[in-house]
Amino acid sequence: VEKASSRLSINQRKLISEYHLNINKILRKLDHCYHKAPNYAYGISLLKKSLFYKNLNICDFIVHTLKQCCSYLNINTPIILSSEIKKDNSLKAEERVLDINRILDSKTYVNLAGGQNLYNKKKFRDEGFNLEFIKMNKIRYNQNINNVFVPNLSIIDTIMFNTEKELLNMIHQFKII
């Protein structure tokens, strides 16, 4: 990531201009690690579509990568960037999330389980919203590593060792808390 003020939003940050010079090095490392993985051909193709994206804006790069993954899995959920929503940008944290939910006329806000200390269920309920947290169940798949499973490596590892159908099944392995 290019050095910049800590006050910049993610949609104002960029990858370093030399980023593209490192892509082949990254691909060689991925090839070394995953060339025997059963879904390598598609996984590396998906990664190349992301890595060779020309726009150096971090937000655009992430959205592009997310859309590539969604396309692969036939997920058609619209992606709305908060930076594209006309909202009160002076609000922070929980107040900002509540404001965005009002604007989008949401009924429920779902956050990762790690955010339970950030948001107050009663406050959301008082504002007319249901606040839920999503926690992934533990997943296991064959990594071809001497029958030893190494959890939480990366989405890249998961894509390389699983078919589209298996990935779609994994996406539904969660509980709402």
Side-chain angles (χ1 to χ4, degrees), residues 10-11 26-27 29-31 33-53 58-85 93-94 96-177:
I10 191 167
N11 64 345
I26 293 167
L27 290 171
K29 286 181 180 180
L30 290 169
D31 181 68
C33 293
Y34 293 109
H35 68 278
K36 292 182 181 178
N39 202 32
Y40 174 80
Y42 191 81
I44 204 68
S45 172
L46 181 64
L47 285 166
K48 285 179 179 179
K49 287 177 187 174
S50 293
L51 291 172
F52 285 108
Y53 185 62
I58 297 264
C59 185
D60 293 342
F61 182 86
I62 292 169
V63 170
H64 171 77
T65 301
L66 184 58
K67 286 181 178 179
Q68 293 297 315
C69 291
C70 286
S71 174
Y72 173 55
L73 296 172
N74 294 311
I75 296 172
N76 299 311
T77 303
I79 297 172
I80 302 169
L81 303 179
S82 70
S83 60
E84 295 174 349
I85 298 171
E94 186 174 58
R96 181 178 223 156
V97 171
L98 287 164
D99 189 44
I100 290 170
N101 278 272
R102 274 189 224 78
I103 292 165
L104 295 177
D105 197 28
S106 301
K107 304 288 183 257
T108 300
Y109 178 71
V110 181
N111 198 80
L112 293 175
Q116 291 179 77
N117 294 331
L118 300 175
Y119 303 113
N120 181 308
K121 279 195 172 201
K122 182 180 180 332
K123 181 162 180 120
F124 272 74
R125 197 171 31 257
D126 290 349
E127 296 280 341
F129 303 108
N130 184 30
L131 173 62
E132 296 178 343
F133 296 95
I134 188 169
K135 182 175 181 179
M136 291 298 298
N137 297 336
K138 292 182 181 183
I139 59 167
R140 292 183 67 87
Y141 52 90
N142 185 351
Q143 295 171 318
N144 296 338
I145 310 173
N146 303 326
N147 294 326
V148 175
F149 180 73
V150 182
N152 307 318
L153 287 180
S154 71
I155 188 66
I156 293 171
D157 188 79
T158 310
I159 289 169
M160 293 294 191
F161 284 104
N162 294 280
T163 65
E164 174 188 350
K165 185 177 178 182
E166 291 166 329
L167 291 168
L168 282 170
N169 183 46
M170 287 177 195
I171 287 172
H172 294 94
Q173 300 302 314
F174 65 88
K175 61 183 173 181
I176 297 292
I177 53 176

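The residues of the chain are indexed from 1 along the displayed sequence.
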*Asks:* Taking the side chain as everything from C-beta on, heavy atoms only, tell me whether Asp31 gets closer than 4.5 Å to Ile44.
*Replies:* no
*Asks:* In the structure I gave you, are the side-chain heavy atoms of Phe149 and Asn142 within less than 4.5 Å of one another anywhere?
*Replies:* no
*Asks:* Could you check Glu94 against Leu118 for side chain to side chain contact (heavy atoms under 4.5 Å, CB included), going step by step and ending with a plain yes or no?
*Replies:* CA-CA 7 Å; Glu94 186 174 58; Leu118 300 175; over 6 Å; no
*Asks:* Apply side-chain contact (heavy atoms from CB on, under 4.5 Å) to Gln68 and list each qualifying residue two or more places apart in sequence or on a separate chain.
*Replies:* Leu46, Lys49, Ser50, His64
*Asks:* Tell me, please, which residues at least two apart from Tyr72 pass ring pair (Phe, Tyr, Trp, His ring centres under 6.0 Å).
*Replies:* Tyr42
*Asks:* Which is it for Tyr34 and Asn39 under the side-chain hydrogen bond (donor to acceptor under 3.5 Å, both in side chains) test, yes or no, and what are the steps along the way?
*Replies:* CA-CA 9 Å; Tyr34 293 109; Asn39 202 32; over 6 Å; no
*Asks:* For the OH atom of Tyr119 and the CG atom of Leu131, what is their distance to the nearest 0.5 Å?
*Replies:* 8.5 Å
*Asks:* Take Phe161 and Leu153 through the test side chain to side chain contact (heavy atoms under 4.5 Å, CB included) and record every step on the way to the result.
*Replies:* CA-CA 12 Å; Phe161 284 104; Leu153 287 180; over 6 Å; no
*Asks:* What I'd like to find out is whether the side chain of Pro38 reaches to under 4.5 Å of the side chain of Asn144, using heavy atoms alone.
*Replies:* yes
*Asks:* Show every donor-acceptor pair shorter than 3.5 Å between a side-chain atom in residues 106-115 and any protein atom, with sequence neighbours excluded, or say none if there are none.
*Replies:*
from: Ser106; atom 1: OG; to: Asn101; atom 2: OD1; distance (Å): 3.2
from: Tyr109; atom 1: OH; to: Asn111; atom 2: OD1; distance (Å): 3.1

*Asks:* Please tabulate, for the side chains in residues 170-177, all donor-acceptor contacts under 3.5 angstrom to protein atoms that are two or more places apart in sequence or on a different chain.
*Replies:*
from: His172; atom 1: ND1; to: Leu168; atom 2: O; distance (Å): 2.8
from: Gln173; atom 1: NE2; to: Asn169; atom 2: O; distance (Å): 3.3
from: Gln173; atom 1: NE2; to: Asn169; atom 2: OD1; distance (Å): 3.4

*Asks:* What is the distance from atom CD1 of Ile10 to atom CG of Asp60, rounded to the nearest 0.5 Å?
*Replies:* 10.5 Å
*Asks:* Please collect all salt bridge (Lys or Arg N to Asp or Glu O under 4.0 Å) contacts where either partner lies in residues 109-124, sequence neighbours excluded, each pair once.
*Replies:* Glu95-Lys123, Lys122-Asp126
*Asks:* Testing the basics here: between Leu30 and Tyr40, what is the closest heavy-atom pair and its distance to 0.1 Å?
*Replies:* O-CE1, 4.3 Å
*Asks:* Would Gln143 and Asp157 count as having a side-chain donor-acceptor pair, cut-off 3.5 Å?
*Replies:* yes
*Asks:* Between CG of Asn76 and SG of Cys70, what distance do you get to the nearest 0.5 Å?
*Replies:* 8.5 Å
*Asks:* Let me confirm one number: the CD1-CZ distance from Ile85 to Arg96, rounded to the nearest 0.5 Å.
*Replies:* 9.5 Å
*Asks:* Kindly compute the distance separating OG (Ser71) from CG (Leu66), expressed to the nearest 0.5 Å.
*Replies:* 11.0 Å
*Asks:* Restricting to pairs with a member in residues 160-171, which pass salt bridge (Lys or Arg N to Asp or Glu O under 4.0 Å), not counting sequence neighbours?
*Replies:* none
*Asks:* Rounded to the nearest 0.5 Å, how far apart are CE of Met136 and CG of Asn152?
*Replies:* 10.5 Å
*Asks:* With side chain to side chain contact (heavy atoms under 4.5 Å, CB included) as the criterion, how do Tyr53 and Thr65 come out once you've worked through the C-alpha distance, each side chain's angles and the decisive distance to 0.1 Å?
*Replies:* CA-CA 9 Å; Tyr53 185 62; Thr65 301; over 6 Å; no
*Asks:* Within the distance-only criterion (no hydrogens, no angle test), does the side chain of Asn162 pair as donor or acceptor with the backbone N or O of Thr158 below 3.5 angstrom?
*Replies:* yes
*Asks:* Return yes when atom CG of Asn137 has more than 12 non-hydrogen atoms of other residues, nucleotides or ligands closer than 6.0 Å, and no otherwise.
*Replies:* yes
*Asks:* Which heavy atom of Gly43 sits nearest to which heavy atom of Ile159, and what is that distance?
*Replies:* CA-CG2, 3.8 Å
